[in-house]
Amino acid sequence: MENKNLTFIEASSIVTGYGIGGGVMAAPYLASLSGIIPTLIILLLAFGISLIFHLMTAEIMLRDGHNEQIIEMFSKYMLKGTITKYILWFLFAVIVLSFIASLSAFIAGGGENINNLFPAIPLWAAHCIVYLIAAGVVFFGLKAIGISEKYGVSAIFVFVIILLIASLRHGLSFRPEVTGAFKYQMALFGMMMFSFFALFSVPQVVKGLSWNKKLIPKAVAFGMALNCIIIFAIVMICVGASGHVTRFAMNGLANSIGGWIKYFSSLFVLLAMLTTYWSVSFALAVVVQERLGWGQRISWLVATLPSFIVVISRATDFLGFMQIAGGTIAILIVIMMIPLYNIVKKQGAVKEPEWQLDFFGKPVFQALVIIAFILMAAGSLVKVD
């Protein structure tokens, strides 16, 4: 993939766009089953732990000194033997499958939204429209994605403000007590963690900000903070204003408020899906290119086409896609990332990087990250009625 510099805002927007898509659409439904106070606590916990984890990833990249994806870090520092290379290829397969599950969710959700907005458009055609728009930007590389993410995230904030104003005029109503069972709160924690998950965007930030590496942790943190604000706003809007919170939250909001808000909520959904698709599919294309040595165009096709085929085959529903992706990625993270962090701190080519996590990189926080991702995996397996 081409390597062009990104601005700070473009890099931050890639992080925000990576995480903002599917999870934020499913989180309000789970929040409605969990209670508003548990939801706020879970949101803050998920944000804090996810921020530490992603900054650990940034330090790994800075200490290594090369702009490579995570799978190549595993190959360089952990899975170097004859036998372990098979584990490496297994992990590569797991990563590819989890990416495809995620990308399928974005195409499915975007297509269902278009079909809901314009019933005359067949569902299969709506999926095709979303795929063509989403995959088209990725075809032109990192800089195109950075620019698209910047404007996409900016537009998302505009729509959030519009939705907030409309919801306030409609009236917000919350029940502050704990109303849900623990299993729903587990599912919500898993979904929140997945909503913040932007691991494979960090190498993109490192590559794009290689001209000023001190900006890298700031861009990661700022991008995740923007994501947190959007998640908080959408959950509060959908839970407070919807008479009935649906599994795909924007549908319930549009049905409750009615009128022109249906179109704005639909545009928000499409933007959220597109911004996530751009970052995730580009990351997958880079993973494929680095691991298999294929060219940019064929890697792009491998990264985008399978998810489209999965959606057209109608394998599962929207929330199901989210749970598959979340659980698979959580298992990968628990197994590999914390050991990688410790090894790279000792063996990385750059002994004094431009930035270090320091206190928050200590073993107690590493253990906290592991526990959180185990809970994320467990939450993704919870059956939601």
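The residues of the chain are indexed from 1 along the displayed sequence. These numbers come from the heavy atoms of this one structure, side chains and all, not from hydrogens, waters or symmetry mates.
Annotation: Phe53 is not in aromatic contact with Phe196 [ring centroid separation under 6.0 Å not met]. The six-membered or imidazole ring of Trp89 lies near that of Phe92, with a centre-to-centre distance under 6.0 Å. Residues Phe282 and Phe200 keep their aromatic ring centres 6.0 Å or farther apart.
With Thr276 contributing its side chain and Gly17 its backbone, the two residues share a donor-acceptor pair below 3.5 Å. Of the possible donor and acceptor atoms, none in the side chain of His54 sits under 3.5 Å from a partner among the backbone N and O of Val220.
By the 4.5 Å heavy-atom criterion applied to side chains, Ile14 and Leu142 are counted as neighbours. Residues Arg297 and Phe139 are in side-chain contact: their nearest non-hydrogen atoms beyond the backbone lie under 4.5 Å apart. Put simply, the side chain of Asp64 does not reach to within 4.5 Å of the side chain of Val350, judged on heavy atoms. At a threshold of 4.5 Å between non-hydrogen side-chain atoms, the residues Ile20 and Ile231 count as touching. The shortest distance between side-chain heavy atoms of Val286 and Pro203 does not fall below 4.5 Å. Annotation: side chain of Met337 is not in contact with side chain of Met56 (no heavy-atom distance under 4.5 Å). In this structure the side chain of Phe268 never reaches within 4.5 angstrom of the side chain of Ile162, judged on heavy atoms. The closest side-chain heavy-atom distance from Asn342 to Gln347 is not below 4.5 Å.
The minimum heavy-atom distance linking Gly146 with Glu10 is given by the pair O-CG, 3.5 Å. Considering every non-hydrogen atom in both Asn5 and Ser210, the closest pair reads OD1-OG, 4.1 Å. When all heavy atoms of Thr275 and Val153 are compared, the closest pair comes out as CG2-N, 4.3 Å. The minimum heavy-atom distance linking Val235 with Ala31 is given by the pair CG1-CB, 3.8 Å. Of all heavy-atom pairs spanning Gln366 and Ile338, the tightest one is OE1-CG2, 3.3 Å. Annotation for Ser281 and Trp278: closest pair OG-O, 3.5 Å, computed over non-hydrogen atoms.
A distance of 8.5 Å separates CE of Met192 from OG of Ser34, quoted to the nearest 0.5 Å. The CG atom of Leu209 sits 6.0 Å away from the CD1 atom of Ile216 when rounded to the nearest 0.5 Å. Note that CE of Met78 is 3.5 Å distant from CE of Met336, once rounded to the nearest 0.5 Å. Put simply, CZ on Phe47 and CE on Met193 are 12.0 Å apart, with the number rounded to the nearest 0.5 Å. Here the OG-CD1 distance, from Ser13 to Ile156, works out to 9.5 Å after rounding to the nearest 0.5 Å. Here the CG-CG distance, from Leu6 to Asn212, works out to 12.5 Å after rounding to the nearest 0.5 Å.
The hydrophobic clustering, which links ILVMFWY residues whose side-chain heavy atoms are closer than 4.5 Å, places Phe232 and Ile165 apart. Under a hydrophobic clustering in which Ile, Leu, Val, Met, Phe, Trp and Tyr are joined whenever their side-chain heavy atoms come within less than 4.5 Å, directly or via other members, Leu30 and Leu44 fall into different clusters. Residues Val239 and Ile161 are members of separate hydrophobic clusters, defined by side-chain heavy-atom contacts under 4.5 angstrom among Ile, Leu, Val, Met, Phe, Trp and Tyr. In the hydrophobic cluster analysis, where Ile, Leu, Val, Met, Phe, Trp and Tyr join through side-chain heavy atoms closer than 4.5 angstrom, Tyr86 is grouped apart from Met73. Taking hydrophobic clusters as Ile, Leu, Val, Met, Phe, Trp and Tyr residues chained together by side-chain heavy-atom distances below 4.5 Å, Val138 does not share a cluster with Ile147.
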Check step by step if side-chain contact (heavy atoms from CB on, under 4.5 Å) holds for Tyr184 and Tyr29.
CA-CA 10 Å; Tyr184 296 130; Tyr29 175 71; over 6 Å; no

Full working for side-chain contact (heavy atoms from CB on, under 4.5 Å) between Leu33 and Leu188
CA-CA 9 Å; Leu33 300 175; Leu188 178 61; over 6 Å; no

Test log, rule ring-ring contact (aromatic ring centres under 6.0 Å, His included), inputs Tyr277 and Phe106:
CA-CA 7 Å; Tyr277 189 99; Phe106 308 139; 7.1 Å; no

Verify side-chain contact (heavy atoms from CB on, under 4.5 Å) between Val15 and Phe222, making sure each step is shown before the conclusion.
CA-CA 9 Å; Val15 176; Phe222 186 63; over 6 Å; no

Checking side-chain contact (heavy atoms from CB on, under 4.5 Å) for the pair Ile121/Phe118: CA distance, chi angles, key distance, verdict?
CA-CA 6 Å; Ile121 299 179; Phe118 304 104; 3.8 Å; yes

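Of the N and O atoms on the side chains of Glu149 and Ser279, at least one donor lies less than 3.5 Å from an acceptor on the other residue. Neither side chain, Asn227 nor Tyr18, offers a donor N or O lying under 3.5 Å from an acceptor on the other. Between the side chains of Glu59 and Tyr341, at least one donor N or O lies within less than 3.5 Å of an accepting N or O. When only modelled atom types and interatomic distance are considered, Gln69 and Arg291 share no side-chain donor-acceptor pair under 3.5 Å.
For Lys351, the NZ atom counts as densely surrounded, since its 6.0 Å shell holds more than 12 non-hydrogen atoms of other residues, nucleotides or ligands.
With respect to Glu72 and Lys76, no salt bridge is recorded, no charged nitrogen being found less than 4.0 Å from a carboxylate O.
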